[in-house]
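Note that the structure is a prediction, hence the values are computed from the model and not measured.
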Amino acid sequence: MPLLVDCSGCNTPLQLPPGARTIRCPLCQAFTRIADSRALPPPPYSSSSSSSNHNPPPPSTSPYNDAPPVPPPSVHGRKRAVICAVSYKRSRHELKGCINDAKCMKYLLVNKFSFPESSILMLTEEEADPYRHPTKQNMRMALFWLVQGCQAGDSLVFHYSGHGSQQRNYTGDEVDGFDETLCPSDFETQGMIVDDEINATIVKPLPTGARLHAIVDACHSGTVLDLPFLCRMDRNGKYVWEDHRPRSGVWKGTNGGEVISFSGCDDDQTSADTSALSKITSTGAMTYAFIQAIERGHGDTYGNMLNAMRSTIRNTDNDVGGGIVTSLISMLLKGGSLGGLRQEPQLTANQAFDVYKKPFFL
């Protein structure tokens, strides 16, 4: 097993290369010095196997630089977010609107909900730092960082725009017999991230008093956090909560915290990456609908949010409306018709609640 050490800045577990005395965290950039190598167990690889099996990136971008320690960054604060956009550039899976989604979501969080920019971790293929590209390993580390050290009063957000998929479930803990998955940029070689792992990483550890919102703009994303309850709402706004707790008895809830997820569509549907919302560019239909619902004043309760998002996707008019995010994206999102799209955003949660009474806030 690789040797892990906790980052001195954010406590994220970091894999220590054999023989290294200092390691830089790719998330918070803090350096962690190993005080006494004699206290560490023997490295799991011999020097020969290490050189043949591990080819670190160039020194300028590697987090393993043997640099002197620096003071850890300031505490991230009470709000923290991971925004992940995967466009699969130069592949047959390429998506056009994901980067737009990520930029607009960051702008919304900073300007509407007062998230500090330093508390938002962006994973996109546009990032200069390769450790902030949306690979499977980087996404895993980002999800761990999101909940690391969270406490009562904290507000966390996970936004994902990219491909989603399904795979057969053999444990009996899925109502429809399939696990939902997210597709990192390297999913064809490294595999997908399964809903069971997402639940175990960011749902189960969440402590009492902490809140997590997920906004997942992907195909087959209805229950991608594996939360116990799904709000089944009809076109008239009437709803019932479906119980998706596994028959096996496996716990899919939190450690006392609250998790609510908006997803782009039901598990058996696909989500659109479309230019129908804009005359000049593509966006994720669900992310656009989420932002527009807030800008148009429908973000007072979760029920009104969900209704507004679905209405937008069914029939978007030609006026995006004025708002704080629109000032950034008005040249990109000028409205249009979504006629023909067959997706219905979904709402899931770790516990059922009255969606028309519970206030929405991040």
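Each of D195, D196, N350 was evaluated against K252; a single residue qualifies, D196, per the side-chain hydrogen bond (donor to acceptor under 3.5 Å, both in side chains) test. Of the candidates D243, T223, T348, D243 is the only one forming a side chain to side chain contact (heavy atoms under 4.5 Å, CB included) with F229.
A donor and an acceptor atom, one from each side chain of S263 and Q346, are nowhere located under 3.5 Å apart. A donor atom on one side chain and an acceptor atom on the other are not found under 3.5 Å apart for D186 and T135.
Separation of the F262 and H213 ring centroids does not fall under the 6.0 Å cut-off. Checked against the 6.0 Å centroid criterion, the rings of F353 and Y302 qualify as a close aromatic pair.
The aromatic rings of Y160 and F158 sit tilted, their planes meeting at an angle between 30° and 60°.
Listed for the S119 side chain is no donor-acceptor partner under 3.5 Å among the backbone atoms of F115. In terms of modelled atom types and a separation under 3.5 Å, the side chain of S185 and the main chain of P134 share a donor-acceptor contact. At least one donor-acceptor pair closer than 3.5 Å links the side chain of R310 to the backbone N or O of M233. For the pair K79 (side chain) and L362 (backbone), a donor-acceptor distance under 3.5 Å is present. For N199 (side chain) and V203 (main-chain N/O), no donor-acceptor pair under 3.5 Å exists by modelled atom type.
With respect to the salt-bridge test (charged N to carboxylate O, under 4.0 angstrom), the residues E258 and K358 qualify. A salt bridge does not link R132 to E126: none of the charged nitrogens lies less than 4.0 Å from a carboxylate oxygen. For E188 and R92, the salt-bridge test passes: some basic side-chain N is under 4.0 Å from an acidic carboxylate O. Using a 4.0 Å cut-off between a side-chain N of Lys or Arg and a carboxylate O of Asp or Glu, K89 and E125 do not qualify as a salt bridge. Salt-bridge formation is not detected for the pair E295/K112: no Lys NZ or Arg NE/NH1/NH2 atom is positioned less than 4.0 Å from an Asp or Glu carboxylate oxygen.
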